[in-house]
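Scroll down for the structure; my scribbles are underneath it.
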Number of protein chains: 2
Amino acid sequence: MGVAERKERHREDLKNEILQAAKSLFTEKGYEATSIRAIAEKIEYSPATIYLYYKDKNEIVHALHRDGFRLLVSHFEVLNTVSHPFERLKAMGRAYIQFAMQNPDVYKLLFIMEEPLKHVANCFEEWDEGDRAFDILRKTIIECQAEGYFKNMDNTLLAFTIWSTMHGLCTLKSSGHLGHVGVARANQWNLDELTAMAYETFVAMLERMKT
Amino acid sequence: MGVAERKERHREDLKNEILQAAKSLFTEKGYEATSIRAIAEKIEYSPATIYLYYKDKNEIVHALHRDGFRLLVSHFEVLNTVSHPFERLKAMGRAYIQFAMQNPDVYKLLFIMEEPLKHVANCFEEWDEGDRAFDILRKTIIECQAEGYFKNMDNTLLAFTIWSTMHGLCTLKSSGHLGHVGVARANQWNLDELTAMAYETFVAMLERMKT
DNA sequence: ATAAAAAAATAAACACTGTTTAGTTTATTT
DNA sequence: AAATAAACTAAACAGTGTTTATTTTTTTAT
């Protein structure tokens with residue numbers, strides 16, 4: 001009865017091979033510029049074969065979306081070693097920016113594209129990794145409040161605000177908008193320095209939120 | 001010699017007609033879902049005619065990009081009547097969110113899509129409206145500093161930070177991410193309320209930046 | 001008014017895209 | 001060895017942005 005299992009394993013292998021090919025092409029050429037035909041050529045199968053393993057292009061995107069959130073959560077997990085909550089919060093911000101810069105296409109998939117999110121909304125049964133990442137932030141904020149930070153502030157609202165700032169910073173940077181206005185007005189710094197310093201400006205604001 | 005001028009005027013009319021058709025279709029169906037053929041059908045010309053007036057689809061997008069920034073700047077201009085700089089700053093934030101909510105497709109064109117920005121970068125001669133909008137924010141911050149706000153903070157960096165928060169809030173809201181995590185954790189508010197309150201949370205932070 | 005020149009508009013094609021259908025090849029079971 | 005099931009693919013469909021050759025319309029000159 002090991003035959004069925006071997007075949008099943010082979011199916012899973014090919015499914016994963018498609019995913020890896022798609023991931024590498026998305027990273028190389030971007031989502032819109034990657035065609036099913038290109039993915040098929042990379043794995044040396046016909047385009048129609050892709051559709052035996054994935055319903056459509058969106059399903060491939062969704063699979064990468066799920067993997068992307070796992071990557072982000074694992075990226076955050078090492079920060080559990082930082083015991084002081086406010087230090088951990090500051091490190092989370094830097095880690096978020098780092099993640100966005102190191103994986104721009106994954107970031108796009110997770111937080112910019114609308115299609116993958118719609119798919120998640122239709123899958124009630126499965127636990128959403130995105131929610132988990134948000135709860136990590138919220139939990140850290142609550143711990144900060146126990147240390148005297150952010151008194152009388154709603155933790156969920158503050159989490160939204162902090163997330164917004166991080167997301168805005170990352171997207172304005174990678175879309176080129178920060179570079180466009182930044183080069184002319186702050187030419188003593190390069191783009192990465194500018195991003196880092198804008199974040200430190202925000203941290204300075206958060207630091208004043210004690211008592 | 002009025003003949004050439006009349007013809008020129010007719011040319012401009014058609015050019016503008018294409019633009020308006022494109023704008024309405026973009027707003028209705030979104031950028032990617034709007035085809036040249038659909039624009040042509042709307043103005044009742046053949047698809048090829050579009051290319052006599054615009055080099056390609058990007059040039060149409062770019063023209064709308066320019067108009068969009070003019071709209072944004074004009075949206076901000078009424079705020080010059082607010083004399084107190086910090087009040088003006090707060091109002092600018094609300095106006096920014098309002099603009100993004102009322103014109104989601106224009107907002108996408110201005111601050112999310114990368115193509116139009118690249119085009120602007122290649123046009124050194126023309127004054128960029130986007131820069132102007134940023135300078136309005138920066139000028140307001142400088143005036144706030146004269147009133148005792150944001151001491152020892154770099155105005156450009158602070159402008160980036162504030163812009164990032166606004167941009168992050170608007171994009172996370174309209175992409176559905178805010179709704180996705182928000183509905184479960186803050187179901188006493190609807191989406192618009194949630195956005196407004198996250199902004200007020202940020203304003204509360206800015207308010208503490210005095211002295 | 002008529003023929004020549006110029007301008008404006010288009011039909012048809014090209015090379016792509018995601019996706020589907022019908023058919024062929026390969027592997028397994030009886 | 002024949003029948004069945006699984007895996008794969010060639011070819012097509014309807015759509016995309018864009019280009020080329022051609023036709024229609026308008027203007028100019030005789």
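Keep in mind that this is a model prediction, so the values were computed, not measured. So you know, we letter chains A, B, ... as the sequences are listed, proteins then strands, and number each from 1.
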d(CD1, A:I43; C1', D:dC8) in whole Å: 11 Å
Going by atom types alone, do B:H75 and B:N103 pair a side-chain donor with an acceptor below 3.5 Å? no
With a 3.5 Å limit on both atom pairs, tell me what C:dT30 is paired to, counting Watson-Crick and G-U wobble, or say none. D:dA1
Rounded to the nearest angstrom, tell me the gap between atom CG in A:L52 and atom C1' in D:dA5. 14 Å
Considering only heavy side-chain atoms of A:Y53, the closest of C:dT21, D:dC8, D:dT20 is D:dC8
Quick check for you: among C:dA11, D:dT18, C:dA9, whose closest atom lies nearest to any side-chain atom of B:D56? D:dT18
From CD of A:E32 over to P of D:dG17, roughly how many Å is that when rounded to an integer? 13 Å
Pick base, sugar-phosphate or nothing for B:Y54, based on heavy-atom distances below 4.0 Å to the nucleic acid. nothing
Answer yes or no: does a side-chain N or O of B:T49 lie under 4.0 Å from OP1 or OP2 of C:dA9? no
For the side chain of A:A48, starting at C-beta, report the closest nucleotide among C:dT21, C:dA9, D:dT19. C:dT21
OP1 or OP2 of C:dA11 sitting under 4.0 Å from any side-chain N/O of B:S46? no
Closest non-hydrogen contact found for B:F134 with B:A159 is CZ-CB, 3.7 Å
Under the ring-ring contact (aromatic ring centres under 6.0 Å, His included) rule, what do A:F69 and A:F111 come out as? Steps first, then yes or no, please. CA-CA 10 Å; A:F69 266 117; A:F111 298 119; 5.5 Å; yes
Between B:I39 (CD1) and D:dT16 (P), how many Å, whole number? 11 Å
Check the orientation of B:Y107 and B:Y96. Use parallel for under 30°, tilted for 30 to 60°, and perpendicular for over 60°. perpendicular
Can you see if the side chain of B:Y51 gets near the phosphate of C:dT10 - specifically, an N or O under 4.0 Å from OP1 or OP2? no
Side-chain donor or acceptor of B:R37 under 3.5 Å from a matching atom on the base of D:dG15? no
Would you mind reading off the distance between B:Y45 atom OH and D:dT18 atom P, rounded to a whole angstrom? 21 Å
Contacts of B:A38 and A:I50 projected onto DNA chain D by closest heavy atom; the upstream (5') one is A:I50
What is the distance, to the nearest angstrom, from the OH atom on B:Y31 to the P atom on D:dT16? 13 Å
Could you tell me the separation between the CD atom of A:E41 and the C1' atom of C:dT17, rounded to a whole number of Å? 15 Å
Is the A:F86 ring parallel, tilted or perpendicular to the A:Y149 ring (thresholds 30°, 60°)? parallel
NZ of B:K57 versus C1' of D:dG15: gap in Å, rounded? 12 Å
